[in-house]
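One is the number of the first residue; the rest follow in order along the sequence. For ligands, and for the atoms within them, numbers begin at 1 and follow the listed sequence. What you are looking at is a predicted structure, and each value in this text was computed from that prediction instead of being measured.
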Amino acid sequence: MTSTMRTLTGIGVSPGSAIGPVAVVRPPQPLPATEPCSADPQQDLTRVADSLSVVADDLDAKAAKLEGDAAEMVAAAAMIARDPGLIEAVEQNLDGHTGPAHALQAAVAGYAEQFEALGGYFAERVADLRDVGMRAEAVLLGRPVPGVPELTEPSIVVAEDLAPAETAMLSPDLVLGIITSGGGRTSHTAILAAQRGLPAAVQVAGALEIPDGTTVALDGESGAVVLDPDETVKTKLRARSERLAQLNELTSPGSTSDGHPVALLANIGDVNDARAAALTAAEGVGLFRTEFVFLDAQNAPGVAEQADLYEAVLAPFGTRPVTVRTLDAGADKPLAFADLGPEPNPALGRRGYRLMEERPDLLRDQLAALAEAQRRTGASVKVMAPMIATADQARAFAETAHEAGLPVAGIMIEVPSAALRSRHLLAACDFASIGTNDLSQYTMAADRMVGELADLLDPFQPAVIDLVAAACEGGRINERPVGVCGESAGDPLMALVLTGLGVSSLSMSPKRMPLVRFALGLHELATCRAMAEAARACADAAEARAGVADLAHPDLRELLGV
Ligand code: PEP
Ligand code: MG
């Protein structure tokens, strides 16, 4: 019997596997440019009102099947669809110059502006308002409804890509995994998926053509997506998941087989992540991405609000060190309250620490809140700034943090200049953590958001490995610790290379930690050094990865399927 299974292949970015039906996130389509003007505004107004009430009924039905916050969120969106003010705004736009779909779009845009101006609760409803508008336009035009579907059964979400807020909104109880046709290894979809322990694959060509409801088997390690998998595929995938799950029982501190310590730390994005990570064998936190907490905030959070938040993050870790990164806003992570306006090249613009130079009030408040949380908890806090490029910036940040009462202040090395001159930067602060996601982007001049450039962003690119080596050299000269907190720290083979290059800690999604711990424990430091040398001797990333895999222990190779 011939198999009807089809396999799509992408890049695995969050390990684990999932088997289930897909729910496809349809991108909104532009309105037809040639929609005729309304000949009968009253009749068209009724059509728009009917479309909005179809959307409202649909949302109410979905809310009835959900519980708790998720149910409330969906019911609130249904109320927006029933808002008489919205219909009045449509009526005003049906003025003889537009058709009904354009009148609806204009009404939603105007209403969104009003919501934004009101701020607070209303401003937070703008995304819902736009979502309601998109849905009603689709109903009006007889098109499939776009946007993140309200899931009613455990599903694997398929999308072109997901904005950070969209990924965050996905109900964790109902999402089994994520597949995107776009995105990249270090896009925030990948990071948030790994953070939530959701298996994920990006750059899966043909993913958007998978019909809704098709059962697929997703391998978040290899990036393979099997459509209509048979029992053999399902059994194999489950068996590998089980072997990986067994590694969770290992809880020893990170170390090579000959006892060279490499601290295994957690990357976290909010209080829930902190609580979950604290329950694992993570030796602390290597990266708390504070901006993730404020992605939806319209106004800058105050000192008191932040101090409570940081206290809740620090407390679960007791005496284990927690590295907190100051707001890394801008480019791929815009924050409404820290927006300096459009720039031609946001990734090269006033983002990260550069933005804090423009808005010292934000930095001051954040450091004050962190110092207060440290006082309340007695926690071992380290603070670091993103996107540091010069020794002057490193010194200025460390001084500001020390003055705020935070004795351990470091920098992220994400810009090639910082890696190359790390001996000067590390003379000016207390530690460094290499952000390989951005370091790859800036070394290879390849936008991390452009999934098609994923090959250039492979962490095994020898040029990036050379820069990591340069960064470590600066640490050695100054006797300062240098860790890695980019996604590459969670890649077991790369973790061995990084260890060989001399990093003192590896920070990753806690879900990735057991495999990295296992990989470290199988190799001596000398082997890790030989791997680093082998990788640096290669001409390209694929050759470097294969060369390192050749030197790896057979048990690891078997588990990774390399
Ligand atoms: C990095 O750039 O590697 C990093 C850890 O920071 P982020 O991914 O949040 O930009
Ligand atoms: Mg970064």
Student: Side chain of E543, backbone of C538: donor and acceptor closer than 3.5 Å?
Tutor: no
Student: Using only atom types and a distance under 3.5 Å, with no angle test, would you say the side chain of H402 pairs donor to acceptor with the backbone of P407?
Tutor: yes
Student: Quick check: does E414 get an N/O under 3.5 Å from an N/O on ligand 1?
Tutor: yes
Student: Using 4.0 Å as the upper bound for N to carboxylate O, is an ion pair formed by D438 and R351?
Tutor: yes
Student: Taking the cut-offs as 6.0 angstrom to the six-membered ring centre and 45 degrees off its axis, would you call K382 and F431 a cation-pi pair?
Tutor: yes
Student: Identify the heavy atoms of H553 and L522 that sit nearest to each other, and give their distance.
Tutor: CD2-O, 3.8 Å
Student: For ligand 1, which atoms sit closer than 4.0 Å to a heavy atom of C485?
Tutor: 5 (C)
Student: Could you list the atoms of ligand 1 found under 4.0 angstrom from a heavy atom of R289?
Tutor: 4 (C), 5 (C), 6 (O), 7 (P), 8 (O), 9 (O)
Student: Any salt bridge between D270 and R289, counting N to O under 4.0 Å?
Tutor: no
Student: Could you see which bit of D328 sits under 4.0 Å from ligand 1, with heavy atoms only: side chain, backbone, both or neither?
Tutor: side chain
Student: Strictly under 4.0 Å, does any heavy atom of M412 approach an atom of ligand 1?
Tutor: yes
Student: Which atoms of ligand 1 have any heavy atom of R448 under 4.0 Å away?
Tutor: 2 (O), 7 (P), 8 (O), 10 (O)
Student: Would you say the side-chain atoms of T436 pair up with the backbone N or O of L439, donor to acceptor, closer than 3.5 Å?
Tutor: no
Student: Closer than 3.5 angstrom, by distance alone: can the side chain of S181 be matched with the main-chain N or O of A205 as a donor-acceptor pair?
Tutor: no
Student: Counting from 1, what ligand 1 atoms have a heavy atom of G435 closer than 4.0 Å?
Tutor: 1 (C), 2 (O), 3 (O)
Student: Charged N to carboxylate O under 4.0 angstrom, E473 versus R476?
Tutor: yes
Student: Hey, are Q374 and Y310 close enough side-chain-wise for a donor-acceptor pair under 3.5 Å?
Tutor: no
Student: For E487, is the nearest heavy atom under 4.0 Å from an atom of ligand 1?
Tutor: no
Student: List ligand 1 atoms under 4.0 Å from K333, heavy atoms only on the residue side.
Tutor: 7 (P), 9 (O), 10 (O)
Student: Not counting sequence neighbours, which residues clear side-chain hydrogen bond (donor to acceptor under 3.5 Å, both in side chains) with R375? List them please.
Tutor: E372
Student: Can you list, by chain and residue number, the protein N, O or S atoms under 2.8 Å from the Mg ion (ligand 2)?
Tutor: E414 OE1, D438 OD2
Student: Does either side chain, that of T290 or that of Q366, offer a donor lying less than 3.5 Å from an acceptor on the other one?
Tutor: yes
Student: Hey, is ligand 1 close enough to E291 that some N/O pair sits below 3.5 Å?
Tutor: no
Student: What atoms of ligand 1 come within less than 4.0 Å of a heavy atom belonging to L287?
Tutor: 5 (C)
Student: Under 4.0 Å from a heavy atom of G486: give me the atoms of ligand 1 that qualify, with their elements.
Tutor: 3 (O), 5 (C)
